[in-house]
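Everything below concerns the one structure shown next.
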There are 2 protein chains.
Amino acid sequence: MARAELLRQQSTHLALAELKAACANCNLREICLPAGLTTAELDQLDTMVDVRRKIKRGESLYRAGEPFDSIYAIRSGFFKARVTYEDGRDQVTGFSMAGEILGLDGIGQGKHNCDAVALEDSEVCSIPYSRLEELSREINGLQRHFHKVMSREIVRESGVMMLLGVMRAEERIAAFLLNMSQRLAARGYSPLEFHLRMTREEIGSYLGLKLETVSRAFSKFHNDGLIQVEQKFVRIVDIDGLKEVYAHHVS
Amino acid sequence: MARAELLRQQSTHLALAELKAACANCNLREICLPAGLTTAELDQLDTMVDVRRKIKRGESLYRAGEPFDSIYAIRSGFFKARVTYEDGRDQVTGFSMAGEILGLDGIGQGKHNCDAVALEDSEVCSIPYSRLEELSREINGLQRHFHKVMSREIVRESGVMMLLGVMRAEERIAAFLLNMSQRLAARGYSPLEFHLRMTREEIGSYLGLKLETVSRAFSKFHNDGLIQVEQKFVRIVDIDGLKEVYAHHVS
DNA sequence: AGGGTCATTTGATCCATATCAACACGCCGG
DNA sequence: CCGGCGTGTTGATATGGATCAAATGACCCT
């Protein structure tokens, strides 16, 4: 897999074209569907969006073990996915921003296998899975698109495997920052200046590092003139330098 | 996620009931489908299996970048999935044994994003994806089942994330052995005595460890009376002891 | 404004695993 | 039978990141 691709694929994202105005007007038609459907089909889709739901910072959209019945289109806000193990330790398994789809982890098990926790006040649209399944049979493009979204999730995770399996700390952080930047750009947000919504500890948990290591890497990048960091605010100053760190990869 | 579940979910496996005689008589009906379909539907399914293909040890079933058009049911043999990065380094992203499904990595991208390499002489059945998609619309249970298989892949990978993100070397090896054992059991093979099909280096690559570390862990488990290892042959002597190592997890 | 809590930074030390190195074993082809 | 190569084992050493520790700063609540 080309490295550039790896970056691109690290989110369950939707193509820019599929996303126009997604946040301004949340319905399935705009958030998670491919173009090329007939008007009648689009109308059918609109009937699928069940409810909008507001989730306050720190609250869970769903929790591991809860029955799975819907997937969610994030209208606004920011989430982390978290798995808690028996011994009480937990691990962040992903971050999701506005315009992305959440809840795929539940498909096929009948229940969710991670918690989705809002990192800031957020709003989502529920999409009942049974309706989606039903409609998938009727609308050709929808099924294909949905499989695409699912498989992107698979590919995303295999990108994370590389992160965790072969990259070293600074490379992981660089990859993380570049990935955030790309995902923000894909949603029309500024890709070079943004607020991290998560703590150093959450970043570390996601990347398989300790919070101190994350902090040190940020400091080092700052001192090296690659980024400017202040608390959760990040400005990418030298994106090529960052890419070099990411690609440096000792052989 | 319960730890036991984690183990269970680490393969793209199929329920035992779905699998009866899978290897003796490879067709889609037996290998990858849920019960409960009508005879007519089953007959339709049989038409989907395109070709059987033999792959010699060391050869690739498919390679990253090749166009994706089929998924594969492994009739016999053993495969590893491998991703090669730009700098020439590669990582093993999974192992697949007889009765499991291979090739899901290609769905949605139109091309495969990893190599599937046979670790021993193997035989697979191709299942053209377009046919599968088509039929999914016609047969209710098939679509649901297929989503299930895909999402199991997602869950599997999140199990691997835990491996790579939070476990230490010996825990990873224990988890790996227990997972192999379970998957073998699910296919009716002896779960306590088996041949690893892969080298220490391949195991290490999969688990994010170096081959020496894998070797040392095996030696230690051997000395501790948990397993007997000789080259690629493994006998699990004290499976509870192994589970303890796996669950030991320093907090 | 004052006090508590949580997030972050930075330094010092430790340790698990990588790395380097040497040797043993099995397998294959000559 | 020999030599070479791939694989595996084991020991010695190096090191990246974890861990421990302390201080600072941001934010919230009253």
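Side chains are part of it too, since the values below use all heavy atoms of this structure and drop only hydrogens, waters and symmetry mates. Lettering of chains follows the sequences in order, A, B, ..., and the numbering in each one begins at 1.
- Residue A:Lys80 forms a salt bridge (charged side-chain N to carboxylate O under 4.0 Å, His left out) with just one option from A:Glu120, A:Glu201, A:Glu202, and that option is A:Glu202.
- When the side-chain nitrogen and oxygen atoms of A:Arg200 are compared with OP1 and OP2 of C:dT8, one or more of them lie within a distance under 4.0 Å.
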Discussion item. Run the salt bridge (charged side-chain N to carboxylate O under 4.0 Å, His left out) test on B:Glu230 and B:Arg235 for me, step by step, so that the C-alpha distance in whole Å, both residues' side-chain angles and the decisive distance to 0.1 Å come before the verdict.
Written reply: CA-CA 9 Å; B:Glu230 181 149 354; B:Arg235 178 201 306 267; over 6 Å; no
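- Across residues 216-230 of chain A, A:Arg216 each have a non-hydrogen atom less than 4.0 Å from an atom of DNA chain D (numbered order).
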Item to complete: Report the C-alpha separation of A:Phe95 and A:Phe79 in whole Å, then their side-chain angles, then the decisive distance to 0.1 Å, and conclude whether the ring-ring contact (aromatic ring centres under 6.0 Å, His included) test is met.
Response: CA-CA 6 Å; A:Phe95 298 106; A:Phe79 287 83; over 10 Å; no
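- Note: A:Tyr62 and A:His112 have parallel aromatic rings, judged against thresholds of 30 and 60 degrees for the angle between ring planes.
- The distance from atom OH of B:Tyr189 to atom CE of B:Met97, rounded to the nearest 0.5 Å, is 8.5 Å.
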Shorter than 3.5 Å, N or O on both sides, protein versus nucleotides 15-17 of chain C: list them out with atom names.
unit_1, atom_1, unit_2, atom_2, d
C:dT17, OP1, B:Ala169, N, 2.7

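- Atom CG of B:Leu211 is separated from atom P of C:dT19 by 10 Å (rounded to the nearest Å).
- The residues A:Arg57 and A:Asp121 are annotated as not salt-bridged, no charged nitrogen and carboxylate oxygen being separated by less than 4.0 angstrom.
- With hydrogens and angles disregarded, a donor-acceptor distance shorter than 3.5 Å links the side chain of B:Arg172 to the backbone of B:Leu207.
- A donor and an acceptor atom, one from each side chain of A:Gln91 and A:Tyr85, are located under 3.5 Å apart.
- The CD1 atom of A:Ile101 sits 9.5 Å away from atom SG of A:Cys125, with the distance rounded to the nearest 0.5 Å.
- Protein chain A contacts DNA chain D over a range whose 5' and 3' limits, counting nucleotides with an atom under 4.0 angstrom from a non-hydrogen atom, are D:dG16 to D:dA26.
- B:Glu66 and B:Lys111 are not joined by a salt bridge, as no carboxylate oxygen comes within less than 4.0 angstrom of a charged side-chain nitrogen.
- For a distance-only test at 3.5 Å, the side chain of B:Glu212 qualifies as a donor-acceptor partner of the base of C:dC20.
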